[in-house]
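Working notes, structure below.
Scope of the values below: all heavy atoms of this structure, side chains included, with no hydrogens, waters or symmetry mates.
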Amino acid sequence: MRVDNPSSDAPGHDQIPAHRYTAALAAEIERTWQDRWEAEGTFLAPNPSGALQGSFDRVADLPKLYVLDMFPYPSGKGLHVGHPLGFIGTDVYARYQRMNGHNVIHAMGYDAFGLPAEQYAVETGQHPRDTTNANIANMARQLRRLGLGHDPRRSVNTTDPAFYKWTQWIFLQVFGAWYDRDADRARPISELETELANGTRQPEPGTNPGDRPWSDLTDRQRRVVVDAHRLAYLHEAPVNWCPGLGTVLANEEVTADGRSDRGNFPVFRRPLKQWMMRITAYADRLVGDLDLLDWSESIKLMQRNWIGRSEGAEVRFTAGSSEIAVFTTRPDTLFGATYVVLAPEHPLVDRLVATTWAEGVDPRWTGGASTPGEAVAQYRAQTLRRSDLERQTVDREKTGVFIGSTATNPVNGEPVPIFVADYVLMGYGTGAIMAVPAHDQRDFDFAGAFGLPMTAVVSPPEGWPEQPENWDTAWGGAGGGINSTNADLSLDGLSVPAAKAAITTWLEQHDAGRGTVTYKLRDWLFSRQRYWGEPFPIVYDEHDLPIAVPDSELPVLLPDIVDYSPKQFEIDDNTSAPEPPLGRATEWTSVTLDLGDGLKSYRREVNTMPQWAGSCWYELRYLDPTNDAVFVDPAIERYWMGPQSESDGGGVDLYVGGVEHAVLHLLYSRFWHKVLFDLGHLSSKEPYRRLFNQGMVQAAAYTDHRGLHVAANEVDERDGRFFHRDQEVQRHYGKMGKSLKNSVTPDEVCADFGADTLRLYEMFTGPLDQSRPWETKAIVGVFRLLQRIWRSILDEDTGMVRVADTPADEETRRILHKSIAAVRDGMETLRFNTSIARITELNNHLTARFPDGGAPREVVEPLVLLLAPLAPHTAEELWARLGHRHSLAWEPFPEADASLLIDATTEIPVQVNGKVKARLTVPAGMSSTDLEAAARAHDKIAPLLAEATLRKVIVLPDKLVNFVIG
RNA sequence: GCCCGGGUGGCGCAAAUGGUGGACGCGGAGGGCUUAAACCCCUCUGUCGCUUUGGCGACAUGUGGGUUCGAAUCCCACCCCGGGCACCA
């Protein structure tokens, strides 16, 4: 008598057959196969050379495939079921393509530097390194439980010194490079030094303050000039200071209402010396090379908008002995420019401000001040006081003051007044504009408020008043030029593009301007006042100028310090200043090095890099993670990421992640990639050839009568209403997470159903790019599918294989091959939901046709292989029980026999006036004449045709028949 | 305001190039197995109307038009939802 089997007549006893596919059995199978994959190295991807070469010969003839996920940030909360959606999708795709004959590389790492780790460490009183490592271990455990087929040798962690050594090395590559505009690429800074020294190149405008000859400069002055050319440079400029986070932020990390992206704290502009990355040098290529990429149009558009390329012209207005350069995209409206506006911070303001007001000056123009100087000073003070929020409000009333002097419109010699106004931004274009109120809404609003004249120079639509002062809005549309003629130029009657071309040529001929391109994109602020980030490999000497730490000294290790928390400030204390925590590591900040002048003492850079640094290049490190001589071996990079054709820019074959990284990560990463490409380290021009944005998993959340969230797993549904402990609550949907109290963890789902069920469920709820609501009660559907497939193959009571080694019948065989074709299609297009539906149909057919077992092996084995990418553990187990000794991970994916995809007979709809009235079952390939005759003879159709006149017949063989009657 | 996506049963979603709308699953109804229940299995399930209870008919893909023999699919206008940008000259 078995003691472990409770007597079957006990009340409440579960009589589940001993070999049914249950959560417990799934857990056992999953553990077994995960261990076996690991032990056998099933998912190790061989490199063509180097330490990870392994058995490359085995895959040498196969095409390669690089599948990549946006790597996760290992937070202390661990994963919820929303996180692995993309990871499962890439795993299914990678497994499918491996079976489909590719050498697939798929790995996972951790983006582990950053402020949240610091905050979490402060909260729990532990060092960020310890909490980070613990979080990574926990997340790795969660991911392993899902059965993801990653190459474990290739996992990276951005906080690992062996990894950030190379992040620092790449920083030094950027620091050690400059952008050669003539060659349109980055070059090593040493080549610039040579060219400057031998006089074949002059410093870029603005980099040599006194514009003195190179030979007259001191060594220190030369270094300052060279430093000003670098792609990574120190710059004193107004930055986004966020006291609430205790750090400065990049423009991209500040929201439109002037708050921090993370934490939503106020951000203040204040001048500080910070590290910048000259991403603007790449603006044109970052736009242009989007054409090489297989990305969605909407993401490309977001990048284009962010870079904001505008073609136009720079026009110079003379003002006294100075010239004001303005940027405009509408040089064709130059004859309509009736005033000029400078940004409050514009350097020419002080030179051009008049000492007194002219007689009879419009009182609206003076700001109530007695002199222009006073008015400007007042206005600037007022501008500074305004918060970013106020400054950015679009419909704010236009403000500004007249500076008392005028400039000359080069095209007609008219004097135009010069204003200072904060609707003109110093950071864009030249920081100055020509105002054409008739054709620009902002100028129109300003001119209205200040009583400035307007001239129409493009004809407005029919019915608009003669005088622009009487218009309701500016006219920004197309039209023929008017009022635009001088002695040697006329734009009258020209279309807008023709007028632009004509005026640009005229400006160039008269040395009054030129065609230019301007970008919204600004240089990337690259330093942060945080502890938990990569230290800069930079020291300063007695001149206070930056010097690269030699490669041999890398990595510059992050020192252990007692107090690693960022300095805390009141969130709105805009008088505060950043204090990098590394500045407190006094024994670390000064260092003795021999940098060529013998042993000397240097001061270390105490800022750290932003969190984006590691994610700018991690995809390259997966390729060659153990190499300590180079960040990636060029031959290995060429193999996995190199261009596949003349017109291809290279990059990973599939990159899956959330849309939230549409701008920042993807832009920064492309930028670094291009620098490394220019410097000859990479063969690919772009990091991510194909990008796919997965949807978000949302979940029901419930609020009580106070509007507070209650735990979603404690809510019951009764008659379409929702109750939490007998209190009615309101349902809404939102992003899964702690704040909405609606998180579901993969651990729970794996415990209740198994990892394969979780994988199937996530893939079944819709195409990968679509957001979907999570519904725990619906999971049972795919769980049943696995149970039913299991039962098609194994006897639930005995565990014995119940498959027949006899040939399949014709119909079953046709259904199999149609299923194969459809499953493949779903796999290729990342619409795994349709693949799962077709697998279900195939199995439903087997269940119906062979209710007592005996499904033919010829069909069952392909069924298991079709399932394998989606539910790999179950498929492996079934494959083994069917008698196979090896893992199916490298087994060929089934191929459909095209001859079996066409049925012997087809059902043809017969329509009358486009409405289906009857269906005919006819042999495939029946001729049009026969088909029409059969349709006419149908007893539903014949009477309808008899009582009306037939106007037209449409017959499509194998498709339909349509009678048009009148 | 401008620019992108997207609206199909009670729910998640299927439907190459315009050609049988609602595959597959959840939920629901009924039945089988069971002393009973759970599990499992089978059948039905867009809406409305008629029905001699087999069926028959009409209406249905956000709304209103249009193109077409035929529209979820193409065109125009509008409404709603989601996302991006936001004084960028």
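Among the heavy atoms of the strands lying under 4.0 Å from Arg791(A) are primed sugar atoms or P, OP1, OP2 only; no base atom is included. Ser771(A) comes within contact range of the sugar-phosphate backbone alone, with a heavy-atom separation under 4.0 Å but no base atom that close. Base contact: Gln911(A) has a heavy atom under 4.0 Å from a base atom. Nucleic acid contact for Pro851(A): none, since no nucleic acid atom lies under 4.0 Å from a heavy atom of the residue. Residue Lys300(A) is out of contact with every strand shown, counting any heavy-atom pair closer than 4.0 Å. Backbone-only contact: Arg784(A) has heavy atoms under 4.0 Å from sugar-phosphate atoms and none from a base. Here Arg831(A) lies in heavy-atom contact (under 4.0 Å) with sugar-phosphate atoms only. Gln441(A) comes within 4.0 angstrom of no nucleic acid atom, judged by non-hydrogen atoms across all strands. Across all strands, Asn305(A) comes closer than 4.0 Å to no nucleic acid atom at all (heavy-atom distances). Leu301(A) comes within 4.0 angstrom of sugar-phosphate atoms only, judged by non-hydrogen atoms across all strands, and of no base. When heavy atoms are screened at a 4.0 angstrom cut-off, Ser310(A) is found touching the sugar-phosphate backbone but no base atom. Backbone-only contact: Ala778(A) has heavy atoms under 4.0 Å from sugar-phosphate atoms and none from a base. Residue contacts shown for Asp443(A) are absent, as no nucleic acid heavy atom lies under 4.0 Å away.
Between Glu841(A) and Lys818(A) there is no salt bridge, since no side-chain nitrogen of the basic residue lies less than 4.0 Å from a carboxylate oxygen of the acidic one.
In this model, the phosphate group of G83(B) is not approached by any side-chain N or O of Asn693(A) to a distance below 4.0 Å at OP1 or OP2. Contact check, Lys818(A) against A23(B): no side-chain N or O comes under 4.0 Å of OP1 or OP2. Within the structure, a side-chain polar atom (N or O) of Arg788(A) is placed less than 4.0 Å from OP1 or OP2 of C41(B). Between Asn833(A) and A14(B) there is a side-chain N or O to OP1 or OP2 distance below 4.0 Å.
Here C26(B) is the nucleotide among C24(B), C26(B), C69(B) with the atom lying nearest to any side-chain atom of Lys777(A). Nearest nucleotide to the Thr834(A) side chain, out of G19(B), G21(B), A14(B): A14(B). Here C40(B) is the nucleotide among C87(B), G84(B), C40(B) with the atom lying nearest to any side-chain atom of Gln787(A). For Phe764(A), the side-chain atoms get nearest to C24(B) when compared with the rest of U20(B), C24(B), C87(B). Between C24(B), C69(B), C87(B), one nucleotide has an atom nearer to the side chain of Tyr423(A) than all others, and that is C87(B). Listed nucleotides: A16(B), G25(B), C41(B). Nearest to the side chain of Lys959(A): A16(B). Picking from A86(B), C24(B), C26(B) the nucleotide with the shortest atom distance to the side chain of Asn844(A) gives C24(B). When each of A14(B), C40(B), U20(B) is scored by its nearest atom to the side-chain atoms of Arg20(A), the top-ranked nucleotide is C40(B). The side chain of Phe327(A) lies closest to A89(B) when the candidates are C59(B), A89(B), C69(B).
What separates CG of Leu425(A) from C1' of A86(B) is a distance of 12 Å, to the nearest Å. For the pair Tyr761(A) OH and C24(B) P, the interatomic distance rounds to 19 Å; values are reported in whole Å. In this entry the distance linking CG of Asp797(A) with P of C40(B) reads 15 Å, nearest Å.
Applying the ring pair (Phe, Tyr, Trp, His ring centres under 6.0 Å) test between Phe450(A) and each of Phe444(A), Phe419(A), Tyr339(A) identifies Phe419(A) as the sole match. Of the candidates Val436(A), Val457(A), Val496(A), Asp440(A), Val496(A) is the only one forming a side-chain contact (heavy atoms from CB on, under 4.5 Å) with Arg330(A).
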Self-check item: Audit row: Lys500(A), Glu311(A), salt bridge (Lys or Arg N to Asp or Glu O under 4.0 Å) steps and yes/no
Solution: CA-CA 11 Å; Lys500(A) 281 182 180 175; Glu311(A) 286 182 26; over 6 Å; no

Exercise. Check step by step if side-chain hydrogen bond (donor to acceptor under 3.5 Å, both in side chains) holds for Thr399(A) and Tyr423(A).
Key: CA-CA 8 Å; Thr399(A) 61; Tyr423(A) 82 93; over 6 Å; no

Practice problem: Begin with the C-alpha distance, continue with both residues' side-chain angles, and end with the deciding distance and a verdict on side-chain hydrogen bond (donor to acceptor under 3.5 Å, both in side chains) for Ser792(A) and Trp790(A). | Solution: CA-CA 5 Å; Ser792(A) 293; Trp790(A) 185 264; over 6 Å; no

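G64(B) and G57(B): their P atoms are spaced 26 Å apart (whole Å). C76(B) and G1(B) have their C1' atoms separated by 22 Å, with the value rounded to a whole Å. Remark: the separation of the P atoms in C24(B) and G6(B) is 26 Å, to the nearest Å. Rounded to a whole angstrom, the distance from the P atom of A15(B) to that of A36(B) is 44 Å. Using C1' as the reference atom, U17(B) and C13(B) are 23 Å apart when rounded to the nearest Å. G10(B) and C87(B): their C1' atoms are spaced 48 Å apart (whole Å). Distance check on atom C1': G66(B) versus G70(B) gives 15 Å, rounded to whole Å. Of the P atoms belonging to C48(B) and A60(B), the separation is 15 Å, rounded to the nearest Å.
In this structure, C2(B) forms a base pair with G84(B), meeting either the Watson-Crick or the G-U wobble geometry with both donor-acceptor distances under 3.5 Å. G9(B): no Watson-Crick or G-U partner with both key distances under 3.5 Å is found in any strand. When Watson-Crick and G-U wobble pairs are counted only if both distances are under 3.5 Å, A15(B) pairs with no nucleotide at all. Nucleotide U35(B): unpaired (no Watson-Crick or G-U wobble partner with both distances less than 3.5 Å). Both distances falling under 3.5 Å, in either a Watson-Crick or a G-U wobble arrangement, place C59(B) opposite G46(B). A23(B) is unpaired under the Watson-Crick or G-U wobble criterion, no partner having all donor-acceptor distances under 3.5 Å.
Under a 3.5 Å cut-off, the side chain of His817(A) and the backbone N or O of Ala898(A) do not form any donor-acceptor pair.
Counted by atom type alone, Tyr733(A) and Asn742(A) present zero donor-acceptor pairs between their side chains at under 3.5 Å. At a cut-off of 3.5 Å, with distance as the only test, a side-chain donor of Tyr21(A) or Thr874(A) sits close to an acceptor on the other residue.
Nucleotide G9(B) carries a syn base; the chi torsion (O4'-C1'-N9-C4 or O4'-C1'-N1-C2) is within 90° of 0. Glycosidic conformation of G54(B) is syn; the angle stays within 90° of 0.
Interface remark: the Gln770(A) side chain does not form any donor-acceptor pair with the G6(B) base, using a distance-only criterion of under 3.5 Å.
Closest-nucleotide positions on RNA chain B for Thr329(A) and Val659(A) were compared, and the one nearer the 5' end corresponds to Val659(A). Of the residues near RNA chain B, Lys917(A) and Ile908(A), the one whose nearest nucleotide (by heavy atom distance) lies more toward the 5' end is Ile908(A).
Aromatic rings of Tyr761(A) and Trp774(A) (six-membered ring for Trp) have centroids within the 6.0 Å cut-off, being under it.
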